[in-house]
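In this text the structure is predicted, and so the values were computed from the model without any measurement. Order of listing sets the numbers, starting from 1, for every ligand and every atom in it.
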Amino acid sequence: MVTRAAAAAGGVGVTAGAVVLAEVLTRLARTGPGPVEAVAETFIDFTPGWLKELAIDLFGTRDKLALGVGIAVVMLALAVVAGLEERRRRWSGAGVVVVLGVVAAAATAYRPDGGLLATWPVLACAVIGALVLAAVLAPPEPLDAARAMAERRTLDRRSLLKGAGLLTAGTLVGAGVARVTTAGRAPAAAPLTLPAPAATAPPVPAGADLKIPGVAPYRTPNADFYRIDTAFVLPRVDAATWQLRVHGLVDQEVVLNLDELLAQPLTQAWVTLCCVSNEVGGDLVSNALWLGLPVRDVLRRAGPRAGADMVLSRSVDGFTASTPLAVLTDERNALLAVGMNGTQLPPEHGYPVRLVVPGLYGYVSATKWVSELKVTRFADETAYWTDRGWSAHGPVKISSRIDVPRGRRQLAPGDLVVAGVAWAQHTGIAGVEVRVDGGAWQSAELADEVSVDTWRQWVWHWAADAGEHALEVRATGRDGTVQTGERAGVVPDGATGWHRVDVRVG
Ligand SMILES: Nc1nc2c(c(=O)[nH]1)N[C@H]1C(S)=C(S)[C@@H](COP(=O)(O)O)O[C@H]1N2
Ligand SMILES: [Mo]
C-alpha cells in the first residue's frame, strides 16, 4: 500500500493536473469562463456584504489576489483529502474529485458568460482526474492466483489509465472542434479611434493643482485610478460586436453599436468617481477627464414612459446598478463614456463603454462594460449591491481628506503644510476648514474650481508647536451643507465623519 504522504501528493498532483487541463480546454474550446474564474466570481456573488467589505478593507484593490490565494489553499486541502480518502477506500477519493468538478461546473453554468455548454470541459476533466487518481493509488497487482481471478473483474491500473488517456484525447479533440465551430469569445481590446468632443470640458486653470508633494494630483493618471469591481477575471468585450440595448418602459427600444455611438456628438467632462466603500480618509476616489455620449441623448430617443423612475444598467458580466432616471435625464454630464484622460477606456475601467454619473457613488451608477439600460421602477427591480444589503440610492456624501502630513509622523516644529482634497460631486465645494486638537475651525485655502463635479485641493499653513497633535478637516458644500462629524460606516450608503490625522511635532 502507498504511504499517506504519497497518497496526499497523488491527490494534489492529480487535482492540479485536472484543473490545469480544464483551464486549457476552456481556453481551447472558448466555451466560457475557466473553472477557477467561474468559482471565484460565483463565490464573490454569494459573499455577504460584510465579508466583502472586510476583504476590501484588509486587502484593498488586492482583494482579488487574496481570494485567489484563498481558493488555492482550499483546493490544496481538498486535494490532500482526496488522496488520503482514495488510499483508505477505493473510489472514495475519486468521488471527491468528481464532486469538486460538479461544483466547478455548477459555478460555470451559473456565470452570465458561461451556461450549460460551458460545463463540459470541467466535467470531463473531473472524470479524467478521478480515473487517474484511482489508477495511481490502486493496490498493487495481487500475487496469488485466487485474488488475481477476483481482481480481473474489477478495473486494473492499466485499463484505468488507458481510459483516462482516451478521455483526454477525446476531450482535446472535442475542444479543438468546438473552437473551430463556435464564434468564440472576444479578442483583446482593439484600439479605438475616438472623435474630438463636440462639447469640450472647461480648461483646467493652473491654480486647480497646487502641486504639493503627497497630495493627490487634480487629474488621476489611468494607472493610478482606483479600481473596484466584482470581476475576478476582466470581462473581454469585442468592440466590433458590442451593443447597448435600451429597453423596458420606453416608447421605442434602441440598440446602439460602437460606430453609431462614436458618430454622435460626444461630451468631454471632468468627473470625480468615488466608491461607497471608501472609508473616511480612504483612497477609493479618483478624478479623470471623460469622453462620452450623454445618457440623456440615448434615453430621449427611447422615450421613457410615465411612471418610470429608474434605469437599471447591466454589464456583460452580470453586474447591475440602479440609477434614478431623473439624474440621467437632467442637465448634468451623465455619460456613456468611451474615453478616459485622452485614451480609450483601459480594460479594467470598462472598455469599450461604461457609465459615469456625477454625484452618485459608483455602485449605483458607474457600470463598466455596460451592455444594457433598462428603464424601470425602483419598486420593481433591484441592483447587484441592493440585493446584498446596500441602499438602492447612493448620492455621494460630502467629504474631505488630509493627504499631508501623513499620520503617525515625527515632524519638525514651525511652518507646516496641511493639505488634501475635498469633494461633493455635482454640488461643489465652497470651503474647507481645519482644526488642531479640537480647537476652533480655521479656513483653508482652496485650489481653483474646475467643475462642481470634481474634487478640489486645499491647503492650510500651520504654525506647529512641539507635542502630539490631532489634525481634523471638514468641508462645506456650495449648497451650505457642512460635512458632519458624526461617524458612520460605509454600509448601507457611504461613510461619514471627519478625517483625523495624528502627528508628533518636535
Ligand atoms: N461591471 C461592473 N461595473 C462596476 C462595478 C462592478 O463590480 N462591475 N463596480 C462599481 C463600483 S462599486 C465602483 S466604485 C466603480 C469603480 O470604477 P473604477 O473601477 O473604474 O474606479 O465601478 C462600478 N462599476
Ligand atoms: Mo464602489
Under 3.5 Å between some N or O of ligand 1 and some N or O of Arg354? yes
Would Thr230 count as a polar contact of ligand 1, with the cut-off being nitrogen or oxygen pairs under 3.5 Å? yes
Donor-acceptor pair between Tyr218 and Thr454 side chains, under 3.5 angstrom: yes
CD of Gln344 to NE2 of His349: how many Å apart, nearest 0.5 Å? 13.0 Å
Which heavy atom of the protein is the closest neighbour of atom 24 (N) of ligand 1, given with residue, atom name and distance? Ala366 O, 3.0 Å
Within the 4.5 Å heavy-atom criterion, are Lys368 and Phe319 side-chain neighbours or not? no
Sole residue of Gln483, Glu472, Arg474, Arg456 in side chain to side chain donor-acceptor pair (under 3.5 Å) with Ser400: Gln483
Ring pair (Phe, Tyr, Trp, His ring centres under 6.0 Å) against His393, all qualifying residues, sequence neighbours excluded: Phe378
Polar-atom distance check: Phe319 versus ligand 1, any N or O pair below 3.5 Å? no
Proximal atoms of ligand 1 relative to Arg227 (non-hydrogen, under 4.0 Å): 19 (O), 21 (O)
Quickly, which of Asp448, Asp403, Asp209 forms a side chain to side chain donor-acceptor pair (under 3.5 Å) with Gln457? Name it, please. Asp209
Would you indicate whether the side-chain heavy atoms of Ser277 and Ile228 approach each other to under 4.5 Å? no
Give the contacting part of Asp317 toward ligand 1: side chain, backbone, both or neither, where contact means a heavy-atom distance below 4.0 Å. side chain
For atom 14 (S) of ligand 1, closest protein heavy-atom neighbour: Tyr226 OH, 3.1 Å
When you compare ligand 1 with Phe225, is there at least one nitrogen or oxygen pair between them that comes in under 3.5 angstrom? no
Output yes when the distance from some N or O of ligand 1 to some N or O of Lys368 is under 3.5 Å, and no in every other case. yes
Mark yes when over 12 heavy atoms from residues, nucleotides or ligands other than Glu486 sit less than 6.0 Å from its CD; otherwise mark no. no
Run the numbers for me: atoms of ligand 1, each under 4.0 Å from some heavy atom of Trp369, listed by number. 1 (N), 2 (C)
Subset of ligand 1 atoms that lie under 4.0 Å from at least one heavy atom of Tyr363: 11 (C), 12 (S)
For Ser315, take its heavy atoms, then give the atoms of ligand 1 lying under 4.0 Å from any of them. 1 (N)
In ligand 1, which numbered atoms sit nearer than 4.0 Å to a non-hydrogen atom of Thr367? 3 (N), 24 (N)
Against the six-membered ring of Tyr384, is Arg388 placed for a cation-pi contact (under 6.0 Å from the centre, within 45° of the normal)? yes
Interfacing atoms of ligand 1 (cut-off 4.0 Å, heavy-atom, Cys275): 14 (S)
Distance-only N or O hit between ligand 1 and His349, under 3.5 Å: yes
Do me a favour and list the nearest non-hydrogen protein atom to atom 9 (N) of ligand 1 with residue, atom name and distance? Ile228 O, 3.3 Å
For residues Ala302 and Val250, report the shortest heavy-atom separation together with the two atoms involved. O-CB, 3.5 Å
